[in-house]
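The structure appears right after this line, and notes come after that.
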Amino acid sequence: MKRLTLCRNLLGNFRSLLVLAVQLTFIIMPVHSQIPEANYDESKVPVFDLPDPLLMQNGSAVNGAAQWWNQRRPEIMSLFEREVYGKTPHRDIHTEFVVIQHASPAFGGKAIRKEVKAYFTRDRKGPFMTILMYLPRSVKPVPVFVGLNFNGNHTVADDPEITLSTSWNAADNPRGQDSLSWPVEHIIDRGFGVATVFYGDIDPDYDDGFVNGIHPLFYAAGQSKPAPDEWGAIGAWAWGLSRVFDYLLTDKDVDASKVAVIGHSRLGKAAVWAGAQDQRFAMVISNNSGCGGVALSKRAFGETVAAINTRFPHWFCDNFNQYNHNENALPLDQHMLVSLIAPRPVYIASAAEDLWADPYGEFLAALYADKVYKFLGTEGLSVTRQPALNRPAAATIGYHIRTGKHAITRYDWDRYIDFAEMHFNQKPLP
Ligand code: GCU
């Protein structure tokens with residue numbers, strides 16, 4: 001009897017699960033059915049026109065570096081602010097840095113670990129972010145890679161002294177789970193420091209109507225969400241990266257003239273947007289940043305504007321929705337985002353199996369930004385065709401496509417360190 005009831009209950013539960021699944025399918029379907037299947041066929045890439053970064057909006061050619069800096073660059077910047085990422089508020093808010101871990105020994109004493117809390121409100125109730133840093137003892141002041149992490153500071157290294165991240169989604173993640181993406185000891189051994197922050201400290205990554213995270217700190221009286229041309233989550237994450245830089249400026253162990261901002265995937269989008277806006281970053285590194293990062297949107301290859309806006313409606317500004325299934329109407333493309341970084345060194349990396357991020361579109365952004373780099377007197381990109389697998393091409397613009405999947409690997413890090421050694425330490429590439 002008992003067994004029968006159990007069976008009936010199980011059956012009942014199974015039935016309600018089935019009903020729920022069917023209901024969910026109907027709720028989810030209409031949204032996803034609007035997204036055409038991703039195109040992975042080069043011959044089906046639409047014909048498109050790419051705006052020339054060296055032509056003013058009125059069609060006249062940029063006639064020199066001064067006009068680039070005073071007119072064309074600001075024009076491009078406002079296009080990205082208005083149409084893609086939304087404006088970052090320029091208002092200064094109260095920020096207080098409190099060092100919670102001073103130079104403790106790490107990795108057998110060859111490095112130091114520091115933790116710094118950045119409070120953004122006077123009452124310290126939140127939001128706040130925790131910066132975790134590892135710096136080699138042997139180099140002072142040291143160049144540093146700054147990047148956000150996906151799963152909490154304690155996931156970047158298997159080190160019990162890292163304060164456990166307790167904000168959104170992080171607390172249950174095992175210590176050291178992302179240490180393959182963050183080869184900290186190796187970076188230290190190569191003479192560089194690392195500073196990282198959990199991105200959920202700045203803005204939790206889900207569509208909550210912007211009530212959590214840092215956005216509300218900037219609302220005008222009566223405002224409850226960003227306006228259609230104001231920042232989304234990527235803008236907020238980029239803002240957080242600049243606040244890390246603010247702290248680094250105050251740390252005498254760090255060489256603030258040699259700070260590279262780095263990010264993988266959605267955090268690569270944030271790193272590139274941070275590097276474009278904040279020229280204090282001396283180098284920018286995009287690892288598999290894809291759509292809304294450095295891949296050209298107008299190719300509509302892999303992830304499209306409609307696909308990204310549908311699945312992640314909180315990442316960009318509302319105005320970006322105008323370009324769903326309508327990329328050709330964009331008055332810009334992501335090569336112009338790369339051009340905003342010029343003449344500072346930028347490295348773009350793709351992975352061969354990461355078709356969703358459109359590796360060739362990422363390369364083309366480097367190729368079409370090259371004219372701005374050359375215009376400003378740098379070497380730009382050293383190739384005119386996408387290099388073969390695992391054959392990095394590094395000049396002022398660096399690029400590689402490695403074998404394998406969507407990830408940031410030790411191979412990638414070694415190329416970034418080579419690149420940083422070349423630009424920061426005048427060391428020739430190996
Ligand atoms: C999804 C998203 C990408 C993003 C990636 C990531 O795949 O579609 O745009 O780059 O997540 O952040 O891992």
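Side-chain atoms are counted along with the backbone in the values below, which use heavy atoms only and exclude waters and symmetry mates. We count ligands from 1, going down the list as the structure has it; atoms in each ligand are counted the same way.
Looking at R175 and E161, no side-chain N of the basic residue comes within less than 4.0 Å of a carboxylate O on the acidic one, giving no salt bridge. Taking 4.0 Å as the cut-off between side-chain N and carboxylate O, D414 and R190 count as a salt-bridged pair.
Remark: R243 is not positioned above the aromatic ring of Y247, lacking an NZ or CZ atom under 6.0 angstrom from the ring centre and at most 45 degrees off the axis.
By the 3.5 Å distance cut-off applied to N or O atoms, S289 is not counted among the residues near ligand 1. Among the atoms of N288, none of the N or O lies under 3.5 angstrom from an N or O of ligand 1.
Each of the following atoms of ligand 1 lies closer than 4.0 Å to a heavy atom of I308: 9 (O). Residue H406 has at least one heavy-atom neighbour below 4.0 Å for each of these atoms of ligand 1: 13 (O). Numbered from 1 in the order shown, with element, the atoms of ligand 1 that lie under 4.0 Å from a heavy atom of S265 read 4 (C), 5 (C), 6 (C), 10 (O), 12 (O), 13 (O).
Counting heavy atoms from C-beta outward, D159 and V184 have side chains that stay 4.5 Å or more apart.
Taking 4.0 Å as the cut-off, W315 counts as a neighbour of ligand 1 on heavy-atom distance. Under the 4.0 angstrom criterion for non-hydrogen atoms, R311 is in contact with ligand 1.
Annotation for Y85 and G293: closest pair OH-O, 4.1 Å, computed over non-hydrogen atoms.
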